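Data block below; observations after.
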Amino acid sequence: MASSYFLLLTAVLALVSWQATASDPGPLQDFCVADNSSRVLVNGFVCKDPKDVKVEDFFLAAKLDMPRDTKTNKVGSNVTLINVMRIPGLNTLGISLARIDYAPLGENPPHTHPRATEILAVLEGTLYVGFVTSNPENKFLSKELKEGDVFVFPQGLIHFQFNPNPYKPTVAIAALSSQNPGAITIANAVFGSKPMIPDDVLAKAFQVEKNTVDWLQAQFWADNHN
Ligand SMILES: *[C@@H]1O[C@H](CO)[C@@H](O)[C@H](O)[C@H]1NC(C)=O
Ligand SMILES: *[C@@H]1O[C@H](CO)[C@@H](O)[C@H](O)[C@H]1NC(C)=O
């Protein structure tokens, strides 16, 4: 009797730990090119028939060598994300890529990727980066990066990048461990949600007057993601 309970417990634990795997599911075939015409909803996208797969399914003339415009948004940065929506062949492969341009004193404001760890390389300029941990609680780790440096932002943690140079732009390339990492920008999500979170809720959370919350909610929260 006891041993069958033990077996059951082991099976349940195995199932639970399998489900807790914190990355995109591993592919069970060479590829599963997204069929964007399918109306079936699955985790990710339905696979196109492998016989119909073309080289273009794995290609995008993304012009990632070209600087992006960082002047038309308030935060002074521009994220060009190449995910499964841009390259259907990325479906199920658990990876994506971004070019990030920073104006002098521009920043990619505090945000999290719910589904991906990020590894970033500075190609040009300098970058002050940081993230906050959940355990130990709210420990801030930060560093100033120079050209050629590489930094890792663990999955789900709030992080940012800031160009401290008042004269020169910065360029970085980042890889993310999801075909669709998602980005939740903290200020936009908290003060720019639609509809708005009630101001008394935020006043208590941030320990400020409701007027301060109303002022923050009245700002235009720029989205720097493309
Ligand atoms: C679906 O993919 C095809 C080929 O890649 C593309 O031409 C088309 O615009 C896409 N449609 C949608 C709705 O994304
Ligand atoms: C990012 O740059 C592109 C090309 O330079 C531009 O079309 C786009 O509006 C910019 N996006 C933001 C959010 O500033």
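Indexing begins at 1, ligand by ligand and atom by atom, following the structure's order. The model shown is predicted, which means the values in this text are computed figures rather than measured ones.
Among residue pairs with one or both ends in residues 184-206, none qualify as salt bridge (charged side-chain N to carboxylate O under 4.0 Å, His left out); sequence neighbours excluded.
Annotation: ligand 2 has protein neighbours Arg68, Asp69, Thr72, Asn73, Asn78, Asp223, Asn224, Asn226, each with a heavy atom less than 4.0 angstrom from the ligand.
Judged by distance alone, the side chains of Asp24 and Ser178 do bring a donor and an acceptor atom under 3.5 Å apart. Under 3.5 Å, the side chains of Asn108 and Asn224 contain a donor-acceptor pair of N or O atoms. A donor-acceptor contact closer than 3.5 angstrom links the side chains of Glu118 and His113.
Between Pro27 and Leu93, the closest side-chain pair of non-hydrogen atoms falls below 4.5 Å.
Judged by distance alone, with hydrogens and angles left aside, the side-chain atoms of Ser38 form a donor-acceptor pair with the main-chain N or O of Val40 at under 3.5 Å.
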